[in-house]
Each structure stands twice: as C-alpha cells, then as structure tokens.
2 protein chains.
Amino acid sequence: MSSRKPHPRAGLDRDEIVAEAIRIVESEGSAALTMRQLSARLGVNPNTVYWHVGNRESLLSAIVAQKADEIAGVQLKGSTPRARVADGVHRARAAIVESPSIAVLASEIGAEHLLIRPLAVAITSEIEAAGADGLDAGIATVSLLAVVAGLTTVELRRPQRAADGPAPEALSDGAWQGLTDFDHHDAAFDVAIYAILDAVFPSG
Amino acid sequence: MSSRKPHPRAGLDRDEIVAEAIRIVESEGSAALTMRQLSARLGVNPNTVYWHVGNRESLLSAIVAQKADEIAGVQLKGSTPRARVADGVHRARAAIVESPSIAVLASEIGAEHLLIRPLAVAITSEIEAAGADGLDAGIATVSLLAVVAGLTTVELRRPQRAADGPAPEALSDGAWQGLTDFDHHDAAFDVAIYAILDAVFPSG
DNA sequence: ACCTGAACACCGTTCAAGT
DNA sequence: ACCTGAACACCGTTCAAGT
C-alpha cells in the first residue's frame, strides 16, 4: 500500500498512447476520446500526452493511419486481376464494418482517403497490370472506392437511422425496403462493384 | 448614443436562428458554429438559442434537413427514366460540391443520408416506374447514391490533401494522377454511375 | 411565451518549472 | 529527454428567475 507520489518517469511511448486511444474509441466512441480522459487512463498528466503526440488532431490521424495499414496489409486473393480487385474492395468493406468507430472517426476528421489509400494503390496496380491505361486504372479505382466509402459511411450510423419514418406514398413497400433496410446493402454493394468491374474488365 | 439595456424581447424565431447558423457554417466552417458564437452574432443570450432550437445536435440536423430540401426541390429533367435518374445524381453531386461546408457538417454528424434521402425517393420511384421490381429499384438507388456520397466525401477535404506525397513505385505516373487528381473525379463519377445505369436499364 | 444571469462540469492548449 | 502544476480561453448545458 505504498503510494506516496507516482513515478517521476512514466516510461510512456507514442505507440502505447495511440493503442490506448484506439481502445477508448472502439469501446466508447470517438467523442469519449479527450486528451484529459486519455491521460487519466494512462495515469499521467495531460501534458505528457501532448509531449508525445503533439495535439489531438495528429493523434486522430495516427489512429486512422494505423487502421489503414491493417486494411492494406493483406495479399489480395484470386486467380485473375478482376477477382483480386473484387477481393480487395470486399476486404475494405469488411474491415470498415468491423471497426465502425474508427471509420466514423475517420469521417469526422475527413480522413477517409487516408483509411483507404494503401489499398487504393494495390488495386490500381492490379488493374494497370491487367493491361489498362494508367490514368484509366486510377480513375476506375476511385470509382470503386467511392462505393466502399459511400456505402459504409451511410451504413455506419445504424442506431441513428431506425426512426426514419414510414414509406412515402410515391414508393412501394419493396422499394422502401431496398432503400432503407441494411440487409440489402451487401446486394447494393455488389450491384455497383460488379457493374464497374464489368466496365473495367470487359472480357469477364 | 442611448443604449441603457438591450431589448427585453428579441423577437427571434427558429428559422432566423437556423439561417444565421448556415451563414456561419458557410463562411467560417462547422467548427466555428458554437452556441455561444451564434447567440453573440444574434445579439442574444445563449439560452435564447437553446429555448428555440433545443440543443446543438438538433440545430445541426435542422441545417442539414434544409439543405436536403433544396437539393430535392427540383424536377428531374430528361425524356427517359434513365436520363432523369442520371440528371438526379448529377444534380446531387453538384449541390454538394456547391455547399461543401454543409456537406462536411453532414458527414461530421453522420447525417449524409438525411442530405440525400428526399432525392433518393425521387430516383427510386423513377426506376420503379420504368418497370423494375421495387426492391431492385431501392437497391439500385442505394448503389447510385453511395457513389455520390463516397466521391464527394473524399473530395470535400481538398485543402487537407495537397501534401500527400509522390507516386509509390508500384504505380505509373498516370495511374497516380487518376487516383489523386481531382480533375478526374467527374470522370470517375461517370464511370461508376453509367456502369450502374447500364445494369439497371439494360436497353440503353 | 420568451428571455436573461449565474453557474456547473467540462474541453484543448500553453507556459514555466522540475529532474 | 520526459514529465508535472497551474492557468488561459474557451465549450455545451441547466437552473432559477424575470416580464
């Protein structure tokens, strides 16, 4: 029971701080990640955190960047370029859905592109290697990843969307269901992705 | 020079408050919209704003909802359903690019769907009227609007993206350009949109 | 019904100082 | 190099009170 004064040197490093920050975001959401709360959890003065990470903005960027590396750090699977690209976008979607609070964080600070960038490079080089013009390959990747970003962005706010009201008169019940029910988002994803892939890889 | 005590009744109403809030967001960005700043601009006690709008969250929702009505409040133009749907998505993209700070605000509070919802209803009913199954029409609309949301979301943070670094070795210069240069985003948008439209309206 | 004054419980960040 | 204490200039929100 000896605790006169806490350690004069905490021995913290930047990675530990980022790791604890990620834990907070994943368990309590991005709003719970305050510099003061974070430092309290680490048993440290707020200024210690500032010394290591600079400021809140760069801490958030570090969180997003680490998640981005996780997403891209896997080999794309498939026997054709088209299959590997399809694998890549599905992987990206799965990763984002699995860590919704990090993805929400990315969208709050406008860093969706950071989250997806490493994967974008892999996909573009795959399309280019299949014989497409470089510029076209880049453009195709942007449209594929727009689908990933757009769909998951909308979908991440699930709890906020329940009470959206009944179907407008202009629409059939089925149409309203397709529009609002998350169960059909995988289908919407595939509609968009394979439509684009068909345009990019005409030979199927 | 007579100013003993300001007006005992400000005569404010909710719409004026929302209008001033929009002015702040459009001229100084969403971070500048604080309850205290807003009330100061209106020459009023902060609690007056609270009395009218409830809290900050619902003020932000009101801003997004008003913008959504503007986007959807136009008749879709074109002689075929396919053309009218294409017009709708281009209109949505243009509207969002025109008011980037409002769109950023929507993404910060996770209300992109509110921004797009009224238009989504119009587009879905257009596809359904063309003979598609209701559920399929809803799903197709979700994929179309995912492209709108995804692309504009990434693109809205223009100033933050300049210093992203040079092309990775895996990519040609052209590919890197297609991936990062905003000048090609309209092309990426059309690639995705028309690919999906081709799948939805097979007869061209 | 509409508005104010004062206060609570927080923030991010900086500065000077300690070891 | 690494860390603390104290302070500055803010927040959103609530409560009691005034007309």
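The structure presented is a predicted model; accordingly, all values stated were derived computationally and were not measured. Every chain is numbered from 1 and lettered A, B, ... according to where its sequence line falls, protein lines coming before strand lines.
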Set out, line by line, the N/O atom pairs under 3.5 Å between protein and nucleotides 8-10 of chain C.
none

Quickly work out the [X] [atom1] to [N] [atom2] distance and round it to whole Å.
X        : N       : atom1 : atom2 : answer
Arg56(B) : dC11(C) : CZ    : C1'   : 13 Å
Trp51(A) : dT19(C) : CH2   : P     : 18 Å
Leu12(B) : dC2(C)  : CG    : C1'   : 10 Å
Glu16(A) : dC2(D)  : CD    : P     : 12 Å
Asp13(B) : dC2(C)  : CG    : P     : 10 Å
Ile17(A) : dC2(D)  : CD1   : C1'   : 11 Å
Leu42(A) : dT4(D)  : CG    : C1'   : 15 Å
Leu59(A) : dT13(C) : CG    : P     : 10 Å

Exercise. Might you work through the salt bridge (Lys or Arg N to Asp or Glu O under 4.0 Å) test for Arg93(B) and Asp190(B), ending with a clear yes or no?
Key: CA-CA 11 Å; Arg93(B) 175 163 160 78; Asp190(B) 284 341; over 6 Å; no
Quiz item: Among dG12(D), dC3(D), dT4(C), which is the nearest nucleotide to the side chain of Met35(B)?
Solution: dG12(D)
Under 3.5 Å between N/O atoms: give me all the protein pairs with nucleotides 14-17 of chain D, atom names plus distance.
unit_1  : atom_1 : unit_2   : atom_2 : d
dT14(D) : O4     : Asn47(B) : OD1    : 2.4
dT14(D) : O4     : Asn47(B) : ND2    : 3.3

Practice problem: Give a yes/no answer on whether the side chain of His52(A) brings an N or O atom under 4.0 Å of OP1 or OP2 in dA1(D). | Solution: no
Out of curiosity, [X] [atom1] to [Y] [atom2], how far, rounded to the nearest 0.5 Å?
X         : Y         : atom1 : atom2 : result
Lys77(A)  : Arg84(A)  : NZ    : CZ    : 13.0 Å
Leu119(B) : Leu76(B)  : CG    : CG    : 6.5 Å
Glu128(B) : Trp176(A) : CD    : CH2   : 12.5 Å
Glu112(B) : Ile96(B)  : CD    : CD1   : 9.0 Å

Self-check item: Asn55(A) CG: over 12 foreign heavy atoms closer than 6.0 Å
Solution: yes
Quiz prompt | Test applied, side-chain contact (heavy atoms from CB on, under 4.5 Å); reference residue, Val148(A); option that passes from Leu145(A), Leu144(A), Leu151(A) | solution = Leu145(A)
Quiz item: What are the two closest non-hydrogen atoms of Asp13(A) and His52(A), and how far apart are they?
Solution: CA-CE1, 4.1 Å
Self-check item: Pairs satisfying salt bridge (Lys or Arg N to Asp or Glu O under 4.0 Å), at least one member in residues 17-39 of chain B, at least two apart
Solution: Glu20(B)-Arg23(B), Glu20(B)-Arg41(B), Glu28(B)-Arg41(B)
Quiz item: What stems, by residue range, does DNA chain C take part in, given at least 3 consecutive Watson-Crick or G-U pairs under 3.5 Å?
Solution: C:4-8 with D:12-16, C:12-16 with D:4-8
May I have the list of side-chain donor-acceptor pairs in residues 62-70 of chain B shorter than 3.5 Å, sequence neighbours left out?
unit_1   : atom_1 : unit_2   : atom_2 : d
Lys67(B) : NZ     : Glu70(B) : OE1    : 3.3
Lys67(B) : NZ     : Ser99(B) : OG     : 2.7

Quiz prompt | Between dA9(D) and dA9(C) - P atom distance, rounded Å | solution = 23 Å
Quiz prompt | Residue pairs involving residues 130-146 of chain A (criterion side-chain hydrogen bond (donor to acceptor under 3.5 Å, both in side chains); sequence neighbours excluded) | solution = Thr124(A)-Thr141(A)
